[in-house]
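Heads up: the structure comes next, in structure tokens.
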Amino acid sequence: HHCWGYGEENGPSDWYKDYSLANGDRQSPIDIQSEQTVYNSSLKPIWVSYDACTSLSICNNGHSVMVEYEDCDDKTVIRGGPLEFPYRLKQFHFHWGGKDSRGSEHTVNGKSYPGELHLVHWNAAKYKSFDEAASAPDGLAVLGVFLETGEKHSVLHRLTDALYMVRFKETKAQFKDFNPSGLLPDCLDYWTYRGSLTTPPLHESVTWLMLKEPLYLSEKQMEKFRTLFFSGEEEGLRTRMMDNFRPPQPLKGRTVEASFR
Ligand SMILES: COc1ccc(CNS(=O)(=O)c2ccc(S(N)(=O)=O)s2)cc1
Ligand SMILES: [Zn+2]
């Protein structure tokens, strides 16, 4: 049983064979056609309360690099926007390309960014566990931020400097006191729509909040993501971790709302 991935044999166009949701009605990512979005003046601002967050570790799970958080109480949550409940931060991770012309999952008017940051939150007000929430229609909220090359990002620098510790699949290292609000742009204008996880099991459980403003990082920082491997240290063939993104999926009649004019 070969595991899903981003290669020729197990990539996004093959996922439907093991995960029938791949052709579902609310799949992610999507291309955001900005002229087709609907401004909704009743959308509240996004409110992140990450100050008391407890980051635990940084790990390479063979698909991405992820930082995990303690989620045993409501000390690290996102509120507002279209959300009826506070959602607890569980982890954040990235998607990126082999070069700057590709790498993001969502696109804007057909434009890809070099990468995309996903902060994954779950509805602990309504569900007993992350796993239960992850398959519920209002279970997850993912805050997405495009990566764009420019000036070096000083908060992100602590993470890109730690990537050498998790070069191979299933490697993990301690990563304490990392407050991800430092990764957010000043402007929190967003687009929102109902979608899914962008990797198997592709659960249609995500309220997406995509920020309009990107996170800027240097080309050297981008290159550090490309030094990671999909494979384990013991494996012969070392395939570099890059192009770990799913392409845009059919909108199927969904409306994308904008929090801004
Ligand atoms: C019940 O078993 C489960 C439940 C949930 C998962 C997915 N894991 S996850 O939630 O961390 C995410 C996967 C993809 C994410 S994306 N790119 O859309 O932000 S988030 C796996 C097994
Ligand atoms: Zn993701």
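These values consider heavy atoms only, across backbone and side chains, with no hydrogens, waters or symmetry-generated copies.
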If two hydrophobic side chains count as joined below 4.5 Å and joins carry through other members, does [X] share a cluster with [Y]?
{"X": "F92", "Y": "L197", "result": "no"}
{"X": "M222", "Y": "F229", "result": "no"}
{"X": "L43", "Y": "L184", "result": "yes"}
{"X": "W96", "Y": "Y113", "result": "no"}
{"X": "V206", "Y": "I32", "result": "yes"}

Only distances under 3.5 Å count here; give the side-chain donor-acceptor pairs of residues 165-174 to other protein atoms, sequence neighbours excluded, each with its distance to 0.1 Å.
from	atom 1	to	atom 2	distance (Å)
T171	OG1	F168	O	2.3
K172	NZ	E68	OE1	3.2

Measuring from [X]:[atom1] to [Y]:[atom2], what's the distance to the nearest 0.5 Å?
{"X": "M66", "Y": "C59", "atom1": "CE", "atom2": "SG", "result": "3.5 Å"}
{"X": "S57", "Y": "Q91", "atom1": "OG", "atom2": "CD", "result": "10.5 Å"}
{"X": "S231", "Y": "R240", "atom1": "OG", "atom2": "CZ", "result": "9.5 Å"}
{"X": "I46", "Y": "L211", "atom1": "CD1", "atom2": "CG", "result": "5.5 Å"}
{"X": "T192", "Y": "L83", "atom1": "OG1", "atom2": "CG", "result": "7.0 Å"}
{"X": "M210", "Y": "I30", "atom1": "CE", "atom2": "CD1", "result": "9.0 Å"}

Return the minimal non-hydrogen interatomic distance between [X] and [Y], and the atom names on each side.
{"X": "M241", "Y": "N60", "answer": "CE-OD1, 3.4 Å"}
{"X": "S104", "Y": "G115", "answer": "CB-O, 3.6 Å"}
{"X": "D71", "Y": "K90", "answer": "OD2-CD, 3.4 Å"}
{"X": "P248", "Y": "T107", "answer": "CG-OG1, 3.7 Å"}
{"X": "L119", "Y": "H121", "answer": "O-ND1, 3.0 Å"}
{"X": "L215", "Y": "L183", "answer": "CD1-O, 3.3 Å"}

Just wondering, do [Y] and [X] contact through their side chains at under 4.5 Å, heavy atoms?
{"X": "L56", "Y": "F175", "answer": "no"}
{"X": "T207", "Y": "P82", "answer": "yes"}
{"X": "L21", "Y": "E204", "answer": "yes"}
{"X": "E233", "Y": "R238", "answer": "yes"}

- Query: How about Q33: does its CD atom have over 12 heavy atoms from other parts shown lying under 6.0 Å from it?
  - Reply: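 Yes, enclosed.
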- Query: Take atom NZ in K111; do more than 12 heavy atoms of anything else shown fall under 6.0 Å from it?
  - Reply: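 More than 12 within 6.0 Å, yes.
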- Consider only side-chain N and O atoms of T198 and E105, and report whether a donor and an acceptor are under 3.5 Å apart.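 Per modelled atom types, T198 and E105 side chains form a pair under 3.5 Å.
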- Message: Would you say S28 and Y193 are linked by a side-chain donor-acceptor pair, where the criterion is simply a distance under 3.5 Å?
- Response: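 Yes, a side-chain donor-acceptor pair sits under 3.5 Å.
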- Task: Start with the C-alpha distance between R88 and D73, add both sets of side-chain angles, then the distance that settles salt bridge (charged side-chain N to carboxylate O under 4.0 Å, His left out), and finish with yes or no.
- Result: CA-CA 8 Å; R88 270 185 207 169; D73 64 20; 5.7 Å; no
- Message: Could you walk me through whether L89 and Y50 satisfy the side-chain contact (heavy atoms from CB on, under 4.5 Å) test, starting with their C-alpha distance in whole Å, then the side-chain angles of each, then the deciding distance to 0.1 Å, before giving a yes or no?
- Response: CA-CA 8 Å; L89 177 66; Y50 289 162; 4.3 Å; yes
- Pair Y69-V67, side-chain contact (heavy atoms from CB on, under 4.5 Å): steps then yes or no: CA-CA 7 Å; Y69 283 79; V67 173; 3.6 Å; yes
- Scan H95, Q27, H106 and name whichever one has a side-chain hydrogen bond (donor to acceptor under 3.5 Å, both in side chains) with R246.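 Output: one option passes, namely Q27.
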If you look only at distance, which donor and acceptor atoms sit under 3.5 Å apart when one is on a side chain in residues 129-140 and the other is two or more places apart or in another chain?
from	atom 1	to	atom 2	distance (Å)
S129	OG	E132	N	3.0
E132	OE1	K128	N	3.1
S135	OG	E132	O	3.4
D138	OD1	Y127	OH	2.4
D138	OD2	K126	NZ	2.6

- Message: Under 4.0 Å between a side-chain nitrogen and a carboxylate oxygen: does that hold for R226 and E219?
- Response: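 Yes, R226 and E219 are salt-bridged.
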- Query: Using 4.0 Å as the upper bound for N to carboxylate O, is an ion pair formed by R158 and D161?
  - Reply: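 So D161 does not pair with R158 through a salt bridge.
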- Message: Between T76 and Y87, does the side-chain contact (heavy atoms from CB on, under 4.5 Å) criterion hold? Intermediate values first, please.
- Response: CA-CA 8 Å; T76 314; Y87 284 65; over 6 Å; no
Enumerate, atom names and distances included, each donor-acceptor pair closer than 3.5 Å involving a side-chain atom of residues 141-154, sequence neighbours excluded.
from	atom 1	to	atom 2	distance (Å)
H153	ND1	V155	N	3.4
H153	ND1	L156	N	3.1

- Task: Using the test ring-ring contact (aromatic ring centres under 6.0 Å, His included), find all partners of W15 that sit at least two apart in sequence or belong to another chain.
- Result: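 If we apply the ring-ring contact (aromatic ring centres under 6.0 Å, His included) test to W15, skipping adjacent residues, the hits are W4, Y6.
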- Residue pairs passing the side-chain hydrogen bond (donor to acceptor under 3.5 Å, both in side chains) test where at least one lies in residues 252-261, sequence neighbours excluded: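 For residues 252-261: N40-E257.
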- Message: Taking ring pair (Phe, Tyr, Trp, His ring centres under 6.0 Å) as the cut-off, I'd like each qualifying pair that reaches into residues 230-261, sequence neighbours left out, listed once.
- Response: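 Of all non-adjacent pairs touching residues 230-261, those that pass ring pair (Phe, Tyr, Trp, His ring centres under 6.0 Å) are W191-F260.
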- side-chain contact (heavy atoms from CB on, under 4.5 Å) between N244 and T199: does it pass, once the steps are laid out? CA-CA 10 Å; N244 55 348; T199 68; over 6 Å; no
- Message: Could you walk me through whether E70 and K75 satisfy the salt bridge (charged side-chain N to carboxylate O under 4.0 Å, His left out) test, starting with their C-alpha distance in whole Å, then the side-chain angles of each, then the deciding distance to 0.1 Å, before giving a yes or no?
- Response: CA-CA 9 Å; E70 192 179 90; K75 65 187 173 197; 2.4 Å; yes
